[in-house]
2 protein chains.
Amino acid sequence: MPKIVVPEERRAAISDAVIRVVRRAGVEGATLRTVADEAGLAIGSVRHYFGSHEDVLIFTMRELGLRIGRRIGTHVDRLLGTDPDIDRRAAVEDLFAEFLPLDPIRWDEAVVWLAFTTAARTRPSLRDTAVEQHAFMRGLITRVLQEATARGALPDRLDLEVECLRLSALLDGLTLQAVLHPENTTPDLLLAALRRSLTALQS
Amino acid sequence: MPKIVVPEERRAAISDAVIRVVRRAGVEGATLRTVADEAGLAIGSVRHYFGSHEDVLIFTMRELGLRIGRRIGTHVDRLLGTDPDIDRRAAVEDLFAEFLPLDPIRWDEAVVWLAFTTAARTRPSLRDTAVEQHAFMRGLITRVLQEATARGALPDRLDLEVECLRLSALLDGLTLQAVLHPENTTPDLLLAALRRSLTALQS
DNA sequence: ACGAGCGTAGCACCACCGTGCTATAAAGGG
DNA sequence: CCCTTTATAGCACGGTGGTGCTACGCTCGT
């Protein structure tokens with residue numbers, strides 16, 4: 001049966017298993033044994049595709065980061081595209097809403113990403129990915145704010161560095177609360193908070 | 001030498017050691033051995049004061065929560081006190097600023113608290129404390145907003161549930177970013193973001 | 001003064017971790 | 001057809017985790 005296998009697919013399947021385990025038991029719960037079990041493989045098979053346990057985590061975190069970035073990228077394309085007739089306010093709202101865990105799929109992703117990015121504080125091998133993703137988020141928000149300012153959609157004496165921080169902190173904070181206290185942080189509340197903040201920004 | 005020891009002091013000293021270890025190595029790094037080492041005790045001595053490793057973590061998290069709550073409580077007393085001549089806007093700002101990691105001491109506390117509260121998601125024994133502290137924060141913010149509305153300091157058609165979420169998410173998000181990406185999130189930026197948000201709330 | 005009780009310390013056990021290493025079976029190329 | 005390569009699987013080792021249990025010494029009540 002071997003040799004027909006595409007290594008990339010196997011790696012992806014394994015990292016999916018890692019994501020499920022982390023969601024259930026945290027990063028420290030994702031041992032080679034639990035991951036192999038979740039993936040329906042033997043521990044030796046998992047090790048065949050990764051140099052070490054650390055590599056499994058690094059690959060999975062990067063994979064998850066790419067997945068999130070790809071999802072958000074879709075909205076960026078629409079917003080920064082050439083179509084002049086779109087409702088830009090709605091497009092911006094959609095873009096930022098994509099950061100929020102508004103459905104079970106994104107909620108799971110947010111849970112796992114939070115686990116990884118907090119774990120990265122004490123795991124040097126995960127830091128790079130965490131920093132990259134954070135820079136991506138800050139850069140994206142800054143660009144959107146700059147563009148909106150240039151367009152006259154925002155007051156032009158805003159301190160964009162502070163506004164970027166406020167917005168990214170809001171998104172991170174909403175996500176954090178939705179992940180840790182979902183019973184008090186329903187999707188409709190998340191959306192209401194985002195809408196209110198964007199509206200307040202315009203005045 | 002024994003018997004002169006006050007058990008509560010020993011427990012407090014041990015939980016201080018736990019806090020230092022968690023700051024350095026995360027919750028999963030706080031094993032009985034590392035904690036005992038950090039406290040300058042033998043592993044058996046630590047176990048004399050706690051029923052289990054789990055108890056050590058529970059006690060320490062609760063202790064840290066109380067410490068944070070006590071610090072914030074000081075500002076609450078001042079704000080809700082009877083003195084009519086205080087600058088209420090400044091008092092509110094001071095109160096909320098107390099949630100932020102503006103100095104090394106509070107930064108350490110924020111790091112450790114974040115570690116505990118995220119760990120609580122997968123550790124049932126820590127959940128209660130996490131939920132309590134979160135309810136405390138939400139309740140406090142709601143009360144302040146209600147009082148400000150009653151006083152006429154805020155527009156009275158605000159949806160306080162949404163505003164409470166916005167504010168608590170902002171504080172949590174700012175803290176999260178300061179903890180995970182301190183190089184991009186300096187204390188003066190944190191304060192600027194808070195001030196801007198409070199001002200925006202009033203208009 | 002002496003025994004009870006508490007603080008301190010550490011051994012021993014089992015469970016689980018990552019990893020080096022080996023074994024087996026299934027392809028694909030010569 | 002055989003032999004190299006690759007996928008899969010698993011053993012065994014060293015290290016480390018929490019914990020049950022025991023040992024020892026100091027202090028204080030009687």
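Chain letters run A, B, ... following the sequence lines, proteins first and then strands; every chain starts at 1. In this text, all values refer to a predicted model and were calculated from it rather than measured experimentally.
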Visitor: Starting at CD of Glu8(B) and ending at P of dC6(C), how long is that distance when rounded to a whole Å?
Guide: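 It is 16 Å, rounded to the nearest whole Å.
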Visitor: Do Arg138(B) and Thr185(A) have side-chain atoms, one donor and one acceptor, less than 3.5 Å apart?
Guide: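 Their side chains do contain a donor-acceptor pair, which is all the 3.5 Å distance test asks for.
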Visitor: Passes salt bridge (charged side-chain N to carboxylate O under 4.0 Å, His left out), Arg11(A) versus Glu8(A)? Steps please.
Guide: CA-CA 5 Å; Arg11(A) 266 186 271 267; Glu8(A) 296 183 354; over 6 Å; no
Visitor: If you measure from the Lys or Arg side-chain nitrogens to the Asp or Glu carboxylate oxygens, is any gap between Arg151(B) and Glu147(B) under 4.0 Å?
Guide: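 Yes, Arg151(B) and Glu147(B) are salt-bridged.
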Visitor: What's the CG-C1' distance between Leu32(A) and dG20(C), to the nearest Å?
Guide: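 Nearest whole value for this atom pair: 13 Å.
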Visitor: Before accepting this row, confirm whether a basic side-chain N of the pair Glu109(B)/Arg106(B) lies closer than 4.0 Å to the acidic partner's carboxylate O.
Guide: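 Between Arg106(B) and Glu109(B) there is no salt bridge, as every charged N stays at least 4.0 Å from the carboxylate O atoms.
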Visitor: Please evaluate residues Glu28(A) and Arg123(A) with respect to the criterion salt bridge (charged side-chain N to carboxylate O under 4.0 Å, His left out), reporting the C-alpha separation (whole Å), side-chain torsions for both, the decisive distance (0.1 Å), and the verdict.
Guide: CA-CA 11 Å; Glu28(A) 74 274 15; Arg123(A) 302 197 192 208; 5.3 Å; no
Visitor: Using whole Å, report how far CZ of Arg33(B) lies from C1' of dG18(D).
Guide: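 Distance, rounded to whole Å: 7 Å.
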Visitor: Starting from C1' on dC17(C), measure out to CZ on Phe50(A) and report it in whole angstrom.
Guide: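 The answer, rounded to whole Å, is 18 Å.
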Visitor: Within the structure, does a side-chain N or O atom of Arg47(A) lie under 4.0 Å from either OP1 or OP2 of dC21(C)?
Guide: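 No.
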Visitor: Atom CD of Glu28(A) and atom C1' of dT16(D): how far apart are they, to the nearest Å?
Guide: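 The answer, rounded to whole Å, is 16 Å.
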Visitor: Could you go through the side-chain hydrogen bond (donor to acceptor under 3.5 Å, both in side chains) check for Glu63(A) and Ser15(A) one step at a time?
Guide: CA-CA 8 Å; Glu63(A) 191 72 10; Ser15(A) 76; 5.1 Å; no
Visitor: Return the value, rounded to whole Å, for the distance between atom CG of Leu57(B) and atom C1' of dG17(D).
Guide: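 So the CG-C1' distance, Leu57(B) to dG17(D), works out to 13 Å.
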Visitor: Can you tell me how far P of dG18(D) sits from CG of Asp55(B), to the nearest Å?
Guide: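 Rounded to whole Å, this separation is 13 Å.
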Visitor: Strictly below 4.0 Å: does His48(B) bring a side-chain N or O up to OP1 or OP2 of dT8(C)?
Guide: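 Result: no.
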Visitor: Under 4.0 Å between a side-chain N or O of Ser45(B) and OP1 or OP2 of dG7(C)?
Guide: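 Indeed not, no polar side-chain atom of Ser45(B) lies that close.
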Visitor: Which nucleotide wins on minimum distance to the side chain of Ser52(A), given the candidates dT19(D), dA9(D), dT19(C)?
Guide: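 Among the listed nucleotides, the one closest to the side chain of Ser52(A) is dT19(C).
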Visitor: Looking at dG18(D), dG10(D), dT8(C), which one has an atom nearest to any side-chain atom of Thr31(B)?
Guide: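 Among dG18(D), dG10(D), dT8(C), the one nearest the side chain of Thr31(B) is dG18(D).
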Visitor: Using five base pairs at each end, measure the axis-to-axis angle across the helix from dA1(C)-dT30(D) to dG30(C)-dC1(D) and round it to 10 degrees.
Guide: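 Axis angle across the helix from dA1(C)-dT30(D) to dG30(C)-dC1(D), nearest 10°: 10°.
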Visitor: In whole Å, what is the span from the CD1 atom of Ile43(B) to the P atom of dC21(D)?
Guide: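 Whole-Å distance recorded here is 16 Å.
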Visitor: Hydrogens and angles aside, do Asn184(A) and Gln177(A) bring a side-chain donor and acceptor to less than 3.5 Å of each other?
Guide: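 Note: Asn184(A) and Gln177(A) side chains miss the donor-acceptor criterion.
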Visitor: Give a yes/no answer on whether the side chain of Tyr49(A) brings an N or O atom under 4.0 Å of OP1 or OP2 in dT6(D).
Guide: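 Checking dT6(D) against Tyr49(A), no side-chain N or O comes under 4.0 Å of OP1 or OP2.
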